[in-house]
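A quick write-up on the structure given underneath.
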Amino acid sequence: MSTNTDVSLSSYDEDQGSKLIRKAKEAPFVPVGMAGFAAIVAYGLYKLKSRGNTKMSVHLIHMRVAAQGFVVGAMTLGMGYHMYQEFWAKPKP
């Protein structure tokens, strides 16, 4: 039984910051989606005290739908960006 001894352990040696930067370069819309989600949650918490006659459950459902919509939009843009890079921007041999 042969074993592959050429496996590089450099990916296990990187710290959290460099791993996050590497992953952000590979998929740039993931951090955008995370930041948008956090911004919508922060906005929802800020508006929580001045929601007027709106029930708490309705307010939370609206905030959840907005946050999920932002994340799905960022994922869709990311897929479009990836497809563009893969199929149209790639130099032809």
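All heavy atoms count here, side chains included; hydrogens, waters and symmetry mates do not.
Transitive grouping of hydrophobic side chains (ILVMFWY, heavy atoms separated by less than 4.5 Å) brings Leu77 and Tyr81 into a common cluster. In the hydrophobic clustering of this structure, Val41 groups with Val71; members are Ile, Leu, Val, Met, Phe, Trp, Tyr whose side-chain heavy atoms approach within less than 4.5 Å, directly or through other members.
To the nearest 0.5 angstrom, Met75 atom CE is 13.0 Å from His82 atom NE2.
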Side-chain donor-acceptor pairs under 3.5 Å in residues 56-70, sequence neighbours left out?
| residue | atom | partner | partner atom | Å |
| --- | --- | --- | --- | --- |
| His59 | NE2 | Gly44 | O | 3.2 |
| Arg64 | NH1 | Gln68 | OE1 | 3.1 |

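Nearest heavy-atom pair, Ala74 versus Gly33, reported as atom, atom and distance to 0.1 Å: CB-CA, 3.7 Å.
The local environment of CD in Gln16 is sparse, with at most 12 non-hydrogen atoms from other residues, nucleotides or ligands closer than 6.0 Å.
In this structure, the side-chain hydrogen bond (donor to acceptor under 3.5 Å, both in side chains) partners of Ser18, at least two apart in sequence or on a different chain, are Asp15.
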